[in-house]
Protein chains: 2
Amino acid sequence: MDGLQSSPRRAQINQVAEQLFSRKGYHATTMREIARALAIEGGSLYSHIASKQVLLFELVLACAEEFRRTAQAVIAEGGSARDQLRRFMRQHVAVIAASIDRAAVYFHEWRHLDTGQQAVIRQQRDEYDEFLRAILRSGIASGEFAAMDEKLVSLQILSQLNWSYQWYRPEGPLNSEDLAEAFFEIVMRGLEPR
Amino acid sequence: MDGLQSSPRRAQINQVAEQLFSRKGYHATTMREIARALAIEGGSLYSHIASKQVLLFELVLACAEEFRRTAQAVIAEGGSARDQLRRFMRQHVAVIAASIDRAAVYFHEWRHLDTGQQAVIRQQRDEYDEFLRAILRSGIASGEFAAMDEKLVSLQILSQLNWSYQWYRPEGPLNSEDLAEAFFEIVMRGLEPR
DNA sequence: CGAACATCCTAACGGGCGTTAGTTAGCAAG
DNA sequence: CTTGCTAACTAACGCCCGTTAGGATGTTCG
């Protein structure tokens, strides 16, 4: 929740909004509900936020930046393509696991942003995707991964990582590192040259 | 769209609702919008449907039944576990590809159903998941697949299949059979015993 | 102490929604 | 021609929403 925590009350608003947006959807969540969860009145929220829409945008943006930050760190740290892929997947699952609600808002509620805001998010997503593709390409070039359609494989990997917010629960029996590792194993077996 | 097409107008309503629910979300779609897309008035929709909620429920249910029907056919047809898995994945992608909008509503908008309706859908989903798990188990038993946590692997497979509605476009360069085949190849390589 | 500021309350604005009930118009059948 | 039915229109109900502007309250600082 970096960069969003300008005050304790603002942090609370973000937290509650994230939960409610995730569970009920952006449009089905009212400002009065968010306020009620904080034991204040709906009109009071506007002391802290510009609008409902801006609130959503900032939540989505914060998550996008978290994904980017972690991917950048993976790339910056270098290592073999296999290692980078493992770390990339680990980080990805970790971001989701840190807050399932945030992930849900990021993956789905962003669609309710206006056109300009959506374009910003789309660009961030594309940049993030490009990190993975770069890893796959370098693995192919180094011979660590079999030749493949790296665009499609990156979509496949991201698909399984992204959808996990729908069923994975960090408080369950499986910790996020083991989950990522399990995913990585199968993916890696599929990618290894033969 | 089986079982839902009681009249031409009803079919149109379903089609438009599906599109709008998919693109804007259930709550952000108004009955007046659905009506407007059909060049009638909002109040007129109630000659054909009981309520907005029931409309959503029936759309989601129709898709759930389509998934189930195709999975049942795969199992009924038998064959090796490998073949069944391939066909299962093919059918899954085919159902999504048949209507991305329907898939989006099924995978996400179902959350806006009431508690009782959700329970119905959840049960259908669980039954569907069980089809895949049964295939994986039989593959393990027959030695076609390596031993594994079949629950987790089924979630992994379903994750990549399910998320595809977010990026796959049937009118694009890749047809749904080739997509399913590409997914199957990597999955299978990961599942094969070593 | 008084002023400034932050935060909250509150009433209300302007607008909108899902749905209902009564009416109307067109069509088909007797 | 008359009657019955279907499907649409329409006005309105009952309720709700995001947001604003003015006021009230508590805290901090000079």
Side-chain angles (χ1 to χ4, degrees), chain A residues 1 4-61 105 109-118, chain B residues 1 4-61 105 109-118:
Chain A
M1 204 61 84
L4 270 186
Q5 193 144 335
S6 40
S7 73
R9 178 60 88 186
R10 180 61 198 270
Q12 288 175 334
I13 290 170
N14 291 338
Q15 173 73 8
V16 166
E18 203 168 73
Q19 284 179 9
L20 291 173
F21 287 168
S22 161
R23 295 171 193 176
K24 299 169 60 75
Y26 172 74
H27 277 291
T29 300
T30 68
M31 301 306 274
R32 289 168 174 85
E33 275 180 289
I34 294 173
R36 199 153 43 240
L38 297 168
I40 58 174
E41 297 296 322
S44 308
L45 292 173
Y46 296 88
S47 297
H48 304 272
I49 62 170
S51 69
K52 187 182 184 182
Q53 181 96 33
V54 169
L55 174 60
L56 176 64
F57 183 51
E58 290 179 355
L59 292 178
V60 173
L61 207 48
V105 171
E109 301 306 312
W110 75 288
R111 290 168 183 277
H112 300 299
L113 296 173
D114 72 31
T115 310
Q117 293 168 337
Q118 279 194 31
Chain B
M1 204 61 83
L4 270 185
Q5 190 144 337
S6 42
S7 75
R9 179 61 88 187
R10 180 60 198 272
Q12 287 175 335
I13 291 170
N14 291 339
Q15 173 73 10
V16 167
E18 203 166 74
Q19 284 180 8
L20 291 173
F21 289 168
S22 161
R23 295 170 191 178
K24 299 169 58 74
Y26 172 75
H27 279 291
T29 301
T30 68
M31 300 306 273
R32 289 168 175 86
E33 273 180 291
I34 294 171
R36 197 154 44 239
L38 297 168
I40 58 173
E41 297 297 323
S44 308
L45 292 174
Y46 297 89
S47 296
H48 304 272
I49 63 171
S51 70
K52 188 182 184 183
Q53 182 96 33
V54 169
L55 173 61
L56 177 63
F57 182 51
E58 291 179 355
L59 292 178
V60 173
L61 208 46
V105 171
E109 301 306 311
W110 75 290
R111 292 168 179 278
H112 299 298
L113 296 173
D114 70 32
T115 310
Q117 293 168 336
Q118 279 193 31

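Keep in mind that what you see is a predicted model, and the values were worked out from it rather than measured. To find a chain, count down the sequence lines: A is the first, B the second, and so on, and within it residues start at 1.
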Send over the distance from B:Lys52 NZ to D:dC16 P, rounded to a whole Å. 16 Å
Rounded to the nearest Å, what distance is computed from the CD atom of residue B:Glu41 to the C1' atom of nucleotide D:dA12? 14 Å
For B:His112 and C:dC17, give me the distance from atom NE2 to atom P, rounded to whole Å. 16 Å
List for me each residue that meets side-chain contact (heavy atoms from CB on, under 4.5 Å) alongside B:Arg9, sequence neighbours excluded, and say none if there are none. B:Ser7, B:Gln12, B:Ile13, B:Leu38, B:Ile40, B:His48
To the closest 0.5 Å, what do you measure between NE2 (A:His27) and CZ (A:Phe21)? 10.0 Å
So A:His112 and A:Val105, do their side chains get closer than 4.5 Å, heavy atoms only? no
Please answer whether the main-chain N or O of B:Gly25 pairs with a side-chain N or O of B:Glu109 as donor and acceptor at a distance below 3.5 Å. no
Test side-chain hydrogen bond (donor to acceptor under 3.5 Å, both in side chains) applied to A:Arg23 - qualifying residues, sequence neighbours left out: A:Asp101
Expressed in angstrom and rounded to an integer, what is the separation of B:Ile40 atom CD1 from D:dA8 atom P? 5 Å
Without decimals, in angstroms, what is the distance between B:Leu55 CG and C:dT19 C1'? 14 Å
Once you round it to whole Å, what is the distance between P of D:dA7 and CG of B:Leu38? 14 Å
Do B:Val54 and B:Ile49 have side-chain heavy atoms sitting under 4.5 Å apart? no
I need the CD-C1' distance between A:Gln12 and C:dT7, as an integer number of Å. 13 Å
Stretch residues 23-31 of chain B: residues that reach within less than 4.0 Å of DNA chain C through a heavy atom: B:Thr29, B:Thr30, B:Met31
Contacts satisfying salt bridge (charged side-chain N to carboxylate O under 4.0 Å, His left out) that involve residues 29-52 of chain A (not counting sequence neighbours) are A:Lys24-A:Glu33
Which residue, B:Arg9 or B:Arg32, contacts DNA chain D at a nucleotide closer to its 5' end, judged by nearest heavy atom? B:Arg9
Could you check how far CG of B:Leu20 sits from P of C:dC17, rounded to whole Å? 13 Å
Only counting residues at least two apart or in another chain, list the ones meeting side-chain contact (heavy atoms from CB on, under 4.5 Å) with A:Gln53. A:Tyr26, A:Ser51, A:Leu113, A:Asp114, A:Gln117
Taking all atoms of both residues into account, what is the closest heavy-atom pair of A:Leu55 and A:Ala17, and its distance? CD2-CB, 3.7 Å
Of the residues in residues 42-49 of chain B, which ones touch DNA chain D at a heavy-atom distance under 4.0 Å? B:Gly43, B:Ser44, B:Ser47, B:His48
